[in-house]
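Down below is the structure, laid out as structure tokens.
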Amino acid sequence: MDFIRNQLDGYGMSEQTVIYLSNMIMVLFIALVSILANVITKKIVLKIIIHIVNNNRYTWDNIIVEKKVFHKLSHLVPAIIIYYSASIFPSYQTLIEKAAMTYMIIVTIMVFNALLNAFDAIYRSFEVSKIRPIKGYIQVAKIVLYIVGGIVVISNLIGQNPLIILSGLGALSAVLMLIFKDSILGLVAGVQLSSNDMVRVGDWIEMPKYDANGDVIDITLNTVKVMNFDKTITMIPSYALISDSFKNWRGMQVSGGRRIKRSFYVDTTSICFCTKEMIEEFQKIHYLTDYITTKLSEINAYNLEHQINTESKVNGRQLTNIGVFRAYIQQYLRHHPRIHQEMTLIVRQLEPGDNGLPLEIYAFSNDTTWAVYESIQADIFDHIFAVAPTFGLRAFQNPSGHDIVQLKQSPEFSRGY
């Protein structure tokens with residue numbers, strides 16, 4: 001500054017003019033140095049850092065570059081130059097230092113915010129992130145960062161110790177708790193959800209209270225985002241997963257088997273004892289050959305042992321078409337390539353009712369994908385409905401309008417009317 005003033009004095013200018021011109025020249029010089037330093041930082045230093053990052057074997061540093069941590073950090077260079085140049089202008093030194101320091105604090109907050117984003121992105125690249133999501137904790141850290149940063153900025157501007165402002169916040173704790181109620185509840189819920197492994201990203205959950213039925217796509221501090229199967233998005237408060245009940249289908253997905261539990265309703269009037277001709281036809285069925293042979297030997301041995309009069313089928317033991325049909329379905333499922341053979345497989349009769357005799361299939365498919373599961377289930381029941389007449393059985397169905405029309409058109413109905 002003195003050098004510039006001495007040079008201007010040589011031109012015979014007034015003292016006031018020299019002061020103004022020297023200050024302007026110094027401001028322009030500092031601005032030029034700041035711009036030059038910023039250009040060097042961004043065009044040279046940053047390019048060298050990015051080159052080093054892109055040519056090593058680590059991937060986490062690439063994420064730091066993508067989140068622009070180093071780009072934000074470069075903004076500190078001009079601010080540092082301005083801060084240390086403030087002493088050149090004694091009259092405005094305090095103001096310049098406060099402005100430069102405020103800018104540096106804000107830039108530092110932005111850098112730490114980017115670092116937190118980078119840390120979250122790095123963590124998400126690992127499989128453990130689906131089991132233990134940390135996005136809620138990252139959001140809490142950001143809230144603390146913004147609060148502390150705001151306090152430091154205010155204390156810098158008013159020239160007070162940050163601890164004085166912090167002590168004043170104690171009196172506002174009740175107000176702060178009211179403002180951040182959802183965040184506090186979400187934090188507590190996030191800790192419980194994570195520690196108890198109740199829900200993960202990718203889980204299929206069902207929560208009728210919130211009309212949620214789909215996959216969890218994001219877990220944040222305050223909400224759990226669920227994409228329903230109709231592609232709508234449902235936002236569930238994190239603490240609701242602690243206070244209310246919900247169904248998590250992860251166990252089914254992890255087990256590798258999805259339950260099939262559906263009944264075939266048999267018209268009870270079609271159930272009968274097997275005739276000789278029926279047994280001969282059943283023995284031709286691949287899945288029943290061994291069963292019929294074994295069962296006939298067992299029945300004949302029992303009837304001979306107890307001297308049963310087999311002229312009446314009511315006496316002793318006899319094969320029934322419903323029993324053979326049940327055995328056939330059992331064997332059919334045992335040989336089905338899409339049925340999980342290591343899980344429960346039952347074909348059972350339920351209590352008969354107004355809709356006939358329910359023959360329930362209780363098994364597990366070996367593919368948990370929804371579309372594949374539905375296809376497997378449909379194929380099985382397509383086959384069951386198609387083969388039931390082979391066993392002399394009819395599926396129960398309430399009379400339809402077509403049945404009533406056909407009945408009215410029949411000669412028997414006309415004569416009876």
Side-chain angles (χ1 to χ4, degrees), residues 60 63-80 82-84 86 94-124 129 132-196 199 201 217-225 235-243:
W60 56 267
I63 297 175
I64 294 177
V65 171
E66 289 174 6
K67 297 299 179 181
K68 299 187 179 299
V69 175
F70 297 113
H71 294 76
K72 290 179 172 62
L73 199 60
S74 66
H75 292 295
L76 287 175
V77 177
I80 293 172
I82 293 171
Y83 180 81
Y84 284 103
T94 303
L95 181 62
I96 294 171
E97 287 180 347
K98 285 184 177 181
M101 181 59 69
T102 301
Y103 179 78
M104 285 191 287
I105 293 170
I106 294 172
V107 170
T108 303
I109 293 171
M110 293 171 60
V111 170
F112 278 108
N113 182 69
L115 274 174
L116 288 171
N117 291 334
F119 181 75
D120 184 41
I122 293 169
Y123 185 75
R124 282 174 177 268
S129 64
R132 296 284 188 272
I134 63 167
K135 190 168 183 177
Y137 304 112
I138 294 292
Q139 290 176 327
V140 171
K142 286 183 179 181
I143 291 174
V144 174
L145 174 66
Y146 294 145
I147 292 174
V148 172
I151 291 172
V152 174
V153 167
I154 294 171
S155 64
N156 175 67
L157 292 174
I158 64 177
Q160 295 292 332
N161 192 318
L163 295 177
I164 296 175
I165 299 177
L166 285 173
S167 62
L169 290 177
L172 298 175
S173 58
V175 178
L176 291 175
M177 289 185 68
L178 181 63
I179 294 173
F180 295 105
K181 180 191 70 172
D182 290 338
S183 298
I184 294 170
L185 289 173
L187 175 61
V188 174
V191 172
Q192 293 185 7
L193 290 173
S194 178
S195 60
N196 296 325
V199 66
V201 173
I217 58 176
D218 197 14
I219 299 175
T220 64
L221 177 62
N222 294 322
T223 58
V224 174
K225 187 184 294 185
M235 309 297 290
I236 305 173
S238 299
Y239 55 83
L241 296 175
I242 303 298
S243 59

Spacing of CD1 belonging to Ile236 relative to CG belonging to Leu241, to within rounding of 0.5 Å
5.5 Å
For the CD1 atom of Ile122 and the CG atom of Asn117, what is their distance to the nearest 0.5 Å?
11.0 Å
Are any of the side-chain heavy atoms of Leu76 and Thr108 separated by less than 4.5 Å?
yes
Of all residues at least two apart in sequence or in a different chain, which pass the side chain to side chain contact (heavy atoms under 4.5 Å, CB included) check with Phe119?
Ile134, Ile138
Rounded distance [0.5 Å steps], CD1 in Ile154 versus OG1 in Thr102:
10.5 Å
Does the side chain of Leu116 come within less than 4.5 Å of Phe112's, by heavy atoms?
no
When rounded to the nearest 0.5 Å, the distance separating CD1 of Ile80 from CE of Met104 is 6.0 Å
Any chance you could measure Leu115, atom CG, to Asp120, atom CG, to the nearest 0.5 Å?
12.5 Å
For the CD1 atom of Ile158 and the NZ atom of Lys98, what is their distance to the nearest 0.5 Å?
8.5 Å
Ignoring hydrogens, what is the shortest heavy-atom contact between Asn113 and Leu145? Give both atom names and the distance.
N-CD2, 3.8 Å
When every non-hydrogen atom of Ala79 is compared with those of Ala100, the smallest separation belongs to O-CB, 3.9 Å
Please find the pair of heavy atoms, one from Ser74 and one from Pro78, that lie closest to each other, and give the distance.
O-CD, 3.5 Å
Assess whether atom NZ of Lys225 is packed by more than 12 heavy atoms of other residues, nucleotides or ligands within 6.0 Å.
no
According to side chain to side chain donor-acceptor pair (under 3.5 Å), who are the partners of Tyr84, at least two apart in sequence or on a separate chain?
none
